Amino acid sequence: MTTVLVLNGPNLGRLGSREPDVYGSASLDDLRAMLAASVPDNVAIELRQTDDEAELVRWLHGAVDSRTSVVLNPAAFTHYSYALRDAAALVTKAGLQLIEVHISNPHARETFRHTSVISGVATGVIAGLGFDSYRLAVDHILRSAA
Ligand code: DQA
């Protein structure tokens with residue numbers, strides 16, 4: 001069984017009702033179902049969300065220890081969390097993939113969203129494609145593992 005961790009940062013638990021003009025009207029449970037349906041039976045998608053920076057850091061440590069690749073939507077932490085960046089670097093320096101994803105295109109939004117402190121240590125970045133950003137990231141991880 002291959003597991004892919006899909007980690008989501010603050011306010012993403014509110015998907016569905018949060019700024020639907022920006023993020024769409026589908027929920028995190030819809031995302032979980034969409035991803036589960038897009039992978040073969042021998043792949044487990046473990047999707048989690050937290051509003052807590054420390055918890056997200058601990059999950060990245062856990063990914064290193066269990067040697068699990070990560071799809072990460074750091075949400076607002078993207079723009080300022082050096083703690084999360086350092087934890088993301090632990091993942092990629094361990095030879096695991098960490099793909100940064102965004103539902104919206106932060107570069108087409110407010111100036112503060114144009115900076116990502118995570119991208120420099122990520123394997124790659126996919127943004128602006130709605131839930132497809134996640135699907136393509138999972139797909140890439142599975143292709144590279146094959
Ligand atoms: C986001 C973009 C971030 O700027 C924002 O803070 C989010 C969501 C996205 O998926 O588009 O919470 O990461």
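When a ligand or atom number is given, it counts from 1 through the structure's own listing order. Everything numeric here is computed off the predicted structure, so don't read it as measured data.
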Stepwise, does the side-chain contact (heavy atoms from CB on, under 4.5 Å) test hold for Arg48 with Leu5? CA-CA 8 Å; Arg48 303 179 195 162; Leu5 266 179; 3.7 Å; yes

Starting from [atom], which protein heavy atom do you reach first, and at what distance in Å?
| atom | value |
| --- | --- |
| atom 4 (O) of ligand 1 | His79 NE2, 2.7 Å |
| atom 11 (O) of ligand 1 | Ser104 OG, 2.6 Å |
| atom 1 (C) of ligand 1 | His102 ND1, 3.6 Å |
| atom 8 (C) of ligand 1 | Tyr23 OH, 3.4 Å |

Asn73 to ligand 1, any heavy atom closer than 4.0 Å: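 In this structure, Asn73 qualifies as a contact of ligand 1 - some heavy atom is under 4.0 Å.
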
Looking at ligand 1, would Arg18 count as a contact under a 4.0 Å heavy-atom criterion?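 Yes, Arg18 has a heavy atom closer than 4.0 Å to ligand 1.
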
Regarding Thr3 and Glu46, do their side chains bring together a donor and an acceptor under 3.5 Å, going by distance alone?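 Checked: Thr3/Glu46 side chains show no N/O donor-acceptor pair below 3.5 Å.
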
Under a plain distance cut-off of 3.5 Å, with no hydrogens placed, do Ser144 and Gln97 share a side-chain donor-acceptor pair?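 Short answer, yes.
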
Ile103 N/O under 3.5 Å from ligand 1 N/O: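 Yes; at least one N/O pair falls below 3.5 Å.
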
Please say whether Pro106 places an N or O atom under 3.5 Å from an N or O atom belonging to ligand 1.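 No, Pro106 has no N/O under 3.5 Å of an N/O on ligand 1.
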
Should the pair Arg58-Glu55 be classified as a salt bridge under the 4.0 Å nitrogen-to-oxygen rule?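 Between Glu55 and Arg58 there is no salt bridge, as every charged N stays at least 4.0 Å from the carboxylate O atoms.
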
Side chains of Tyr134 and Ile103: does their closest heavy-atom pair fall under 4.5 Å?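 Yes, their side chains come closer than 4.5 Å.
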
Just so I know, are the side chains of Leu47 and Val71 near enough to count as touching, which here means a heavy-atom distance under 4.5 Å?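 Side-chain contact under 4.5 Å: no.
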
Among Arg113, His114, Arg14, which one has a heavy atom closest to atom 5 (C) of ligand 1?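 Of the listed residues, Arg113 has the closest heavy atom.
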
Set out, in order, the CA-CA distance, both residues' side-chain angles and the distance that settles side-chain contact (heavy atoms from CB on, under 4.5 Å) for Glu100 and Thr78, then state yes or no. CA-CA 9 Å; Glu100 175 186 343; Thr78 306; 3.6 Å; yes

